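Reading through the structure tokens given below for one structure.
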Amino acid sequence: MTFDRPITTADELEAAALAPPERLAGLRAVTARYALAITPAMAALIDPADPDDPIARQFIPNAAELTVAAGERADPIGDHAHSPVAGIVHRYPDRVLLKAVHVCPVYCRFCFRREMVGPAGLGTLSPEEIDAALAYVAARPEIWEVILTGGDPLVLSPRRLGEIMARLADIEHVKIVRIHTRVPVVEPARVSHELVAALRIGRKTVYVALHANHPRELTAAARAACGRLVDAGIPMVSQSVLLRGVNDDPETLAALMRAFVEVRVKPYYLHHPDLAPGTGHFRVSLEEGRALVAGLRGRVSGLAQPTYVLDIPGGHGKAVIDGGAVEDRGNGCYSVSDFRGGSHAYPPGDQG
Ligand code: SF4
């Protein structure tokens with residue numbers, strides 16, 4: 001089936017016959033709470049006859065999203081605790097997140113920022129807020145890298161993106177600009193020559209980190225979009241979330257990592273799912289995750305090995321799960337060390 005515009009309402013989902021009738025009532029309740037958007041590229045990939053379709057699972061709302069489990073929280077990785085000015089998250093000394101926009105071309109059902117993105121989310125930074133965020137970066141010589149994220153920064157027009165990139169280029173101590181996006185996969189046509197040109201700022205190295213979770217997402221159009229970026233001299237790395245029912249089996253995970261390498265996207269992070277509200281049905285255990293990642297060794301090339309990471313709830317940064325930072329305390333409980341040497345219980349067992 002082909003689609004000519006994004007699906008953003010439960011009625012459109014029903015009209016497109018992408019949701020089973022018995023799930024529509026629950027689905028409507030979810031869309032009253034959380035944003036819905038599925039691009040034509042992703043809708044076309046969904047097999048409506050497959051109740052376990054891994055693409056549908058990522059984008060079609062599920063009544064289970066209204067069940068909040070113990071430990072889940074609105075801000076699972078603690079952005080707010082490290083936000084000195086609107087749009088900036090300064091968690092590590094040498095790098096900041098710059099969240100210029102809280103809009104995405106798709107809304108992933110497992111999103112760790114699901115309480116911040118979408119039409120009812122934090123919106124787009126005003127010109128004054130952009131000025132303040134860039135002034136914050138300019139005033140701190142220790143900031144070596146700026147990570148444009150959100151939301152998805154590639155929903156901005158090439159003109160607006162180009163303005164932000166040009167202003168970052170003027171900050172001498174910023175050497176790296178990294179862009180976190182799902183656009184090359186979910187809306188590949190948006191990766192136009194104008195958009196690629198906007199990302200190519202002189203004097204800085206620009207990386208694009210692509211978020212994709214299933215090998216079917218790497219369609220011919222997505223592969224071509226990645227090719228346009230890499231051919232323009234923009235190195236790419238991957239980010240995926242380990243998700244129950246999407247990629248929690250060795251064959252799918254191996255195929256996903258190989259697909260990245262084939263399109264010149266170096267596998268970078270495999271995220272353990274965060275404690276976002278209503279996402280328990282996506283969560284695998286740390287032990288399951290460890291076994292899956294161990295299964296990649298030997299099965300696929302060294303080029304195709306991601307780093308399996310946990311974002312420590314509360315904003316304490318990332319812990320490499322197989323890097324000695326996660327200690328098993330038994331009964332599904334762990335002690336996780338952060339990069340400053342602090343120790344944290346996981347799961348945290350409170351509502352934060
Ligand atoms: S694209 Fe990223 S920020 Fe947007 S809904 Fe998906 S996971 Fe969340």
Side-chain angles (χ1 to χ4, degrees), residues 6-8 13 30-31 33-43 45-46 54-62 65 72-80 83 87 89 97-125 147-156 161 178-188 190-191 208-214 217-218 222 225-226 236-247 256 265 268-279 281-283 306 309-311 318:
I7 291 167
T8 58
L13 211 45
V30 175
T31 56
R33 175 77 180 80
Y34 292 112
L36 163 67
I38 310 175
T39 54
M42 290 298 101
L45 281 184
I46 293 172
I55 309 299
R57 190 164 168 81
Q58 293 183 66
F59 301 119
I60 294 182
N62 184 320
E65 291 173 49
E72 291 181 343
R73 68 263 320 267
D75 181 16
I77 72 166
D79 281 357
H80 293 317
S83 184
V89 178
L97 306 184
L98 172 52
K99 302 193 292 182
V101 61
H102 287 87
V103 173
C104 303
V106 288
Y107 290 108
C108 311
R109 308 321 307 168
F110 50 85
C111 177
F112 64 130
R113 295 199 176 112
R114 61 187 331 208
E115 304 282 348
M116 305 176 202
V117 298
L122 300 182
T124 300
L125 293 188
I147 300 165
L148 288 184
T149 183
D152 196 318
L154 296 195
V155 301
L156 293 169
L161 202 53
R178 192 194 327 167
I179 293 156
H180 284 186
T181 182
R182 221 159 168 7
V183 161
V185 156
V186 301
E187 198 178 359
R190 188 178 270 275
V191 185
V208 167
L210 173 68
H211 172 187
N213 303 311
H214 192 277
E217 293 172 48
L218 276 298
C226 293
M236 292 183 71
V237 295
S238 77
Q239 294 199 93
S240 304
V241 187
L242 186 56
L243 297 167
R244 183 173 298 292
V246 175
N247 55 20
L256 174 64
V265 175
Y268 180 41
Y269 277 150
L270 177 64
H271 294 270
H272 190 72
D274 292 310
L275 292 167
T279 61
H281 53 299
F282 284 110
R283 211 162 295 125
V309 292
L310 173 73
D311 269 290
K318 287 185 175 54

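Atom set for the values below is all heavy atoms of this structure, side chains included, hydrogens, waters and symmetry mates excluded. Note that ligands are numbered from 1 as they come in the structure, with each ligand's atoms numbered from 1 the same way. Keep in mind it's a predicted model, so treat the numbers as computed, not measured.
- Side chains of His281 and Arg283: no donor on one and acceptor on the other come within 3.5 Å.
- Protein residues are said to neighbour a ligand when one of their heavy atoms lies under 4.0 Å from it; for ligand 1 these are Cys104, Val106, Tyr107, Cys108, Cys111, Gly151, Arg182, His211.
- Side-chain contact between Ile60 and Leu13: present, with at least one pair of heavy atoms (C-beta onward) separated by less than 4.5 Å.
- Residues Arg182 and Asn213 have side chains in contact (heavy-atom distance under 4.5 Å, counting atoms from C-beta outward).
- Look at Asp311 and Lys318 and you find a salt bridge, because one of the NZ, NE, NH1 or NH2 atoms lies within 4.0 Å of a carboxylate O, short of that distance.
- Inspection of the His271 and Gln239 side chains reveals an N or O donor paired with an N or O acceptor under 3.5 Å.
- Using a 4.0 Å cut-off between a side-chain N of Lys or Arg and a carboxylate O of Asp or Glu, Glu115 and Arg73 do not qualify as a salt bridge.
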